[in-house]
Amino acid sequence: MEQKVSIFDTTLRDGEQSPGASLTAAEKLEIARQLTRLGVDVIEAGFPSSSPGDFEAVRQIARTMEGPVVTALARAVKADIEEVWASIKEARRPRIHIVLGSSDIHVQHKFNRSRDEVLETGVEAVRFAKSLCTEVQYSTEDASRSDRRYLFRVIEAVIDAGATVVNIPDTVGYAVPGQWRRLIADIRRNVPNIDRAVLSVHCHNDLGMAVANTLAAVEAGARQVECTINGIGERAGNAALEEVVMALRVRRKHYRVSTGIDAGDLSRTSRLVGKMTGLTVARNKAIVGANAFAHSSGIHQDGVLKHRGNYEIMRPEDVGAGDTQIILTARSGRHALRHRLEKLGFAITPEELEELHGRFLTLADAKKEVFDDDLFALATDRREPDQQRFQLAGFRIESGTSVPASATVSLGTGQGVVETTSPGDGPVDAAFRAIDEMTGVPVTLKEYHVDAVTAEKAALGEARVIVERNGSVVSASGVSTDVVEASIKAYVNAINRLVAGESGRS
Ligand SMILES: [Zn+2]
């Protein structure tokens, strides 16, 4: 009998820790919905102690999702565990996830205590969590650099205390596949009560081996793997869910395990996460990159035409790529619009459909043919929080080869509409300066770029900015057929997010 490997998705926790990838609660919910459709077994929705906004996002996800286990991260302290429980207790299947270091580096330099003291802290945390929740996961942070004998003792003790899942993280991305496989096998051999818990791994990609290490652990008997969509996460990121899942699937005879993932949804999920976090994937990225299935050499093209198996180990449709493009026009009704948006992964309420349909008609009038990517941009553009501090009311630009650039921007604020004119190095810079003057929220622009959403002439432009203020970094995007307008929208959205974050709403 083939065994099942549980897919634990931490896009909304570890993934969201990528610099600039901050998500609003509404965006997290949207991604959680798509992860549920994708068929992940566990959604790690956040780290509730990090901010009131994250707490609220986790709570909404826990309330809403049917199907997957919903978990959130706690340090091994009572206050964190209580907060996690408060955020997830309404889930149909809640799980408390506790993390505590097990390496000497962490034991000595992070906690400044003895191994035995740290072990006891972990055991007490599990006992307390267990008094609240049936499912408790324990992560031995920095396991790859831990003393093995001590690691085995910790695992045995936390299982005795009630942990149902023990996760072994390669927190710093230090492991290599052969050694990692042996560690997992040794844990199974040396921890007497290991059969009472699910063994899990969590691998980081600092040496580019997160996926390889994860798969090596599966060979050694790990039956839960932690990963993120597109491999986003701290530093170089985590094991990419789509790569792990497709490796297990394409090489099923080798691994002899299955997952509950609907691979046909991988491409769509990747796109949703890429758009919402602003972390777009490289064209050559395995499974979900734009070129992942593109054959360019003549020999390969000829070979594939003769027989696909000549150069293809999987088909684009297996992961939902190359899905036939449906083009909508101004004559496409609400029903067609709704259907297409649902195909793209959006859950739309009737009121949202009304609002989107109005904007869809404006766009369809401007550019005749509306592609999936355009719809995607429309749908994600709407997802800004309702109570925006500043709204773009209008703008006028002067720029050219013989005149200095200047921008006049009108901004809706709590106290009505204000307007300012500012010069600048080009129209976008002038507009941003005018906005800075009016908001009184000085930010540092870290990144700015504009992309055409689709390739035709009347395409939508999508601008994305990353801005920083007092150490917090946020990204935001704006969409319009006018790239200056798209840029201004992105900038205003980013400032709204910063202000919302500062007042405790994420
Ligand atoms: Zn991590």
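What you see is a predicted model, and the numbers here were worked out from it, not measured in a lab. In each ligand, atom 1 is the first atom listed, and ligand 1 is the first ligand listed.
For the ring-ring contact (aromatic ring centres under 6.0 Å, His included) condition, the pairs that include at least one residue of residues 166-220, sequence neighbours left out, are H202-H204.
Distances from the Zn ion (ligand 1) under 2.8 Å pick out these protein N/O/S atoms: D14 OD2, H202 NE2, H204 NE2.
Atoms OG1 and CD, on T214 and Q224 in that order, are 11.5 Å from each other to the nearest 0.5 Å.
Side-chain contact annotation: N238 with T228, donor-acceptor N/O pair under 3.5 Å absent. For the residue pair D9 and T11, a side-chain donor N or O sits within less than 3.5 Å of a side-chain acceptor on the partner.
A salt bridge between E226 and R13 is absent, with no side-chain N of the basic residue lying under 4.0 Å from a carboxylate O of the acidic one.
Taking the ring centroids of Y448 and Y491, they lie at or beyond the 6.0 Å cut-off.
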